[in-house]
J.: 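The structure is given below, and queries will be raised subsequently.
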Amino acid sequence: MAYGRGAAAVRAIDEVSLEITHGEFIAVVGPSGCGKSSLMKLISGLHPPASGTLTFEGRPVSGPLQSVGMAFQNSNLLPWRNALDNVLLPLEIVEPYRRDFSKEKYAPKARALLASVGLAGFTEKHPWELSGGMQQRTSICRALIHEPEVLLLDEPFAALDAFTREELWQALRDLQAARKVTVMLVTHDLREAVFLADTVYVMSSRPGRIVRRCPVPFPRPRDLEVTYTQPFQDLVHELRALIGRG
């Protein structure tokens, strides 16, 4: 994948090859500017590959995929909508839901999703009335409301304090286990990557290449206590060393 054209083109990622299986949780880590977010844009269909092939369930990807949900570092909630209406927004836009969208029809589904992340009493609150962690929970619910097959998360917890981040790790762990959605997480937090993912991919400096595929050996579901064990810390240090050499 490259940005720009001709002599001015900047190659963001090169010679990347990977296969993500249904229901797998992968994390992508690497130095800043290595192309982690660019890889996410490719997988979502938001940016075409400059060369090579990209397929989803065996079919070539030729544009944005409707079966993908996305959440970012900033929650990007609409300030004039409450939490419930922010979660419902994709159903007003994405086919086939928008053809017969009505708030009465889909509000119970949105409320149940918000309740599953501990926001049952906050459905009528606007973004400025929610903490940063609550906003991110709402953003993830919005990404899941149309039942995507793939959930793409770009540094979703980076702006939060350490305690809130760990709370949301557990919320995401439980959501993914319950829904069996395929997840790709881009993160700079190596503890986060190892705690959540089945497989961690390490990318090199630009142009980004995958330098290591690291299966995470700890059984799921994982409790936070595992993050304090020596094998967990050893894997985090191994990933850190790989990134340092990249």
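The structure displayed is predicted, hence computed values, not measured ones.
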J.: Quick check against the 3.5 Å criterion: does Q136 have a side-chain atom that pairs as donor or acceptor with the backbone of S75?
T.: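 Side chain of Q136 to backbone of S75: a pair is present.
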J.: Just by distance, do the side chain of R142 and the backbone of D85 share a donor-acceptor pair under 3.5 Å?
T.: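 Not at all, since once roles are kept as given, no pair shorter than 3.5 Å links the two residues.
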J.: Taking all non-hydrogen atoms of both residues, which atom of K103 and which atom of L84 are closest, and how far apart?
T.: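 So the minimum-distance heavy-atom pair works out to CE-CD2, 3.9 Å.
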J.: Just checking, is any N or O donor in the side chain of Q170 or D174 under 3.5 Å from an acceptor N or O on the other one?
T.: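 No pair is found: no donor N or O on one side chain lies under 3.5 Å from an acceptor on the other.
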J.: Please report the shortest heavy-atom distance between H188 and S32, naming the atom on each side.
T.: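 Smallest interatomic distance, heavy atoms only, reads NE2-OG, 3.4 Å.
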J.: Does I140 reach the side chain of L144, with side-chain heavy atoms less than 4.5 Å apart?
T.: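 I140 reaches L144 side chain to side chain.
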J.: For E166 and F163, indicate whether the former's side chain and the latter's backbone hold a donor-acceptor pair under 3.5 Å.
T.: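 Absent.
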J.: For the side chain of E155 and the backbone of F72, is there at least one donor-acceptor N/O pair under 3.5 Å apart?
T.: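 It does not hold such a pair.
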J.: Answer yes or no: does atom CZ of R173 have more than 12 heavy-atom neighbours from other residues, nucleotides or ligands under 6.0 Å?
T.: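 More than 12 within 6.0 Å, yes.
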J.: Using 0.5 Å steps for rounding, measure from the CD atom of Q176 to the CZ atom of R220.
T.: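 Rounded to the nearest 0.5 Å, the CD-CZ separation comes to 4.5 Å.
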J.: How about F56 and E149: do any of their side-chain heavy atoms sit closer than 4.5 Å?
T.: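 F56 vs E149: side chains touch.
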J.: Look at the rings of F101 and Y106 and say which category their plane angle falls in: under 30° parallel, 30 to 60° tilted, over 60° perpendicular.
T.: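 Taking Y106 first and then F101, their aromatic rings lie parallel (interplane angle under 30°).
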J.: Looking only at heavy atoms, which two atoms of Y3 and S38 are closest? And how far apart?
T.: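 Heavy atoms of Y3 and S38 come nearest at OH-OG, 2.8 Å.
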J.: Counting only N and O atoms by type, is there a donor-acceptor contact under 3.5 Å from the side chain of R222 to the main-chain atoms of V194?
T.: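 Pair found, side chain donor or acceptor close to backbone of V194.
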J.: Nearest 0.5 Å, please: how far is CG in L39 from CG in D154?
T.: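 Going from the CG atom of D154 to the CG atom of L39 covers 10.5 Å.
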J.: When rounded to the nearest 0.5 angstrom, what distance separates OG1 in T187 from CE in M184?
T.: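 Answer rounded to 0.5 Å: 11.5 Å.
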J.: If you group Ile, Leu, Val, Met, Phe, Trp and Tyr by side-chain heavy-atom gaps below 4.5 Å, do L160 and L77 land in one group?
T.: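 No, it is not one cluster - the side chains of L160 and L77 are not joined through contacts under 4.5 Å.
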J.: Within the 4.5 Å heavy-atom criterion, are P156 and L185 side-chain neighbours or not?
T.: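 The answer is yes; the side chains approach within 4.5 Å.
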J.: Quick check: is W80 connected to L89 through a chain of hydrophobic side chains (ILVMFWY, heavy atoms under 4.5 Å apart)?
T.: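 The answer is yes; both residues are in one hydrophobic cluster.
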J.: Hey, what do you get for CD (E57) to OG (S67), rounding to the nearest 0.5 Å?
T.: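 So the gap between those two atoms works out to 6.5 Å.
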J.: From L46 CG over to K41 NZ, what is the distance, rounded to the nearest 0.5 angstrom?
T.: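 It is 8.0 Å, given to the nearest 0.5 Å.
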J.: What verdict does the salt bridge (charged side-chain N to carboxylate O under 4.0 Å, His left out) test give for R213 and E19, after you've listed the backbone C-alpha separation in whole Å, the side-chain angles of each residue and the deciding distance to 0.1 Å?
T.: CA-CA 11 Å; R213 176 183 182 273; E19 179 176 333; over 6 Å; no
J.: Looking at side-chain heavy atoms only, is the closest gap between S116 and L175 below 4.5 Å?
T.: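 Counting from C-beta outward, S116 and L175 do come under 4.5 Å.
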J.: Specify the closest pair of heavy atoms between V28 and K36, including all atoms of both residues, with the distance to one decimal.
T.: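 The answer is O-CD, 3.6 Å.
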J.: Could you walk me through whether I210 and L18 pass the side-chain contact (heavy atoms from CB on, under 4.5 Å) test, one step at a time?
T.: CA-CA 9 Å; I210 294 175; L18 77 159; 4.2 Å; yes
J.: Kindly determine whether H146 and L91 satisfy side-chain contact (heavy atoms from CB on, under 4.5 Å), including the steps that lead there.
T.: CA-CA 6 Å; H146 64 293; L91 301 184; 3.9 Å; yes
J.: Under a 4.0 Å N-O cut-off, is there an ion pair linking R179 with E147?
T.: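 So R179 does not pair with E147 through a salt bridge.
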J.: Using the side chain to side chain donor-acceptor pair (under 3.5 Å) rule, take T138 and N86 through it: C-alpha gap first, then chi angles, then the decisive distance, then the call.
T.: CA-CA 8 Å; T138 305; N86 265 291; over 6 Å; no
J.: Look only at the side chain of T182 and the backbone of V150, and say whether a donor-acceptor pair between them is shorter than 3.5 Å.
T.: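 Flag not set: sc T182 to bb V150 has no pair under 3.5 Å.
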J.: When you group the ILVMFWY residues by side-chain heavy-atom contacts below 4.5 Å and let the links chain together, are L151 and I93 in the same group?
T.: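 Each belongs to a different hydrophobic cluster.
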J.: Mind listing the closest non-hydrogen atom pair of L168 and G133 along with its distance?
T.: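 The answer is CD1-O, 3.9 Å.
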J.: Does M134 share a hydrophobic cluster with L78, counting links as ILVMFWY side-chain heavy atoms below 4.5 Å and allowing steps through other members?
T.: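 Cluster IDs for M134 and L78 differ.
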J.: Just wondering, do T199 and C214 contact through their side chains at under 4.5 Å, heavy atoms?
T.: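 No. Closest side-chain heavy atoms not under 4.5 Å.
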J.: Decide salt bridge (charged side-chain N to carboxylate O under 4.0 Å, His left out) for K180 and E24; before the verdict, give the C-alpha distance in whole Å, the side-chain angles of both, and the deciding distance to 0.1 Å.
T.: CA-CA 8 Å; K180 309 301 182 185; E24 185 179 11; over 6 Å; no
J.: So, does E192 use its side chain to make a donor-acceptor pair with the main chain of W169 at under 3.5 Å?
T.: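 No.
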J.: Ignoring hydrogens, what is the shortest heavy-atom contact between S44 and L152? Give both atom names and the distance.
T.: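 Looking at all heavy atoms of both residues, the closest pair is CB-CD1, 3.5 Å.
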J.: Can K105 and E92 be counted as an ion pair, charged N to O under 4.0 angstrom?
T.: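 Salt bridge absent between K105 and E92.
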J.: Counting only heavy atoms not in K125 (residues, nucleotides, ligands), do more than 12 fall under 6.0 Å from its NZ?
T.: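 Atom NZ in K125 is not crowded, with 12 or fewer foreign heavy atoms closer than 6.0 Å.
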J.: So does Y228 get a backbone contact from the side chain of Q233, meaning a donor-acceptor N/O pair under 3.5 Å?
T.: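 Yes.
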J.: Decide if atom CZ of R240 counts as having more than 12 heavy atoms of other residues, nucleotides or ligands within a radius under 6.0 Å.
T.: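 No, not enclosed.
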J.: Start with the C-alpha distance between L196 and F25, add both sets of side-chain angles, then the distance that settles side-chain contact (heavy atoms from CB on, under 4.5 Å), and finish with yes or no.
T.: CA-CA 7 Å; L196 287 169; F25 194 130; 3.7 Å; yes
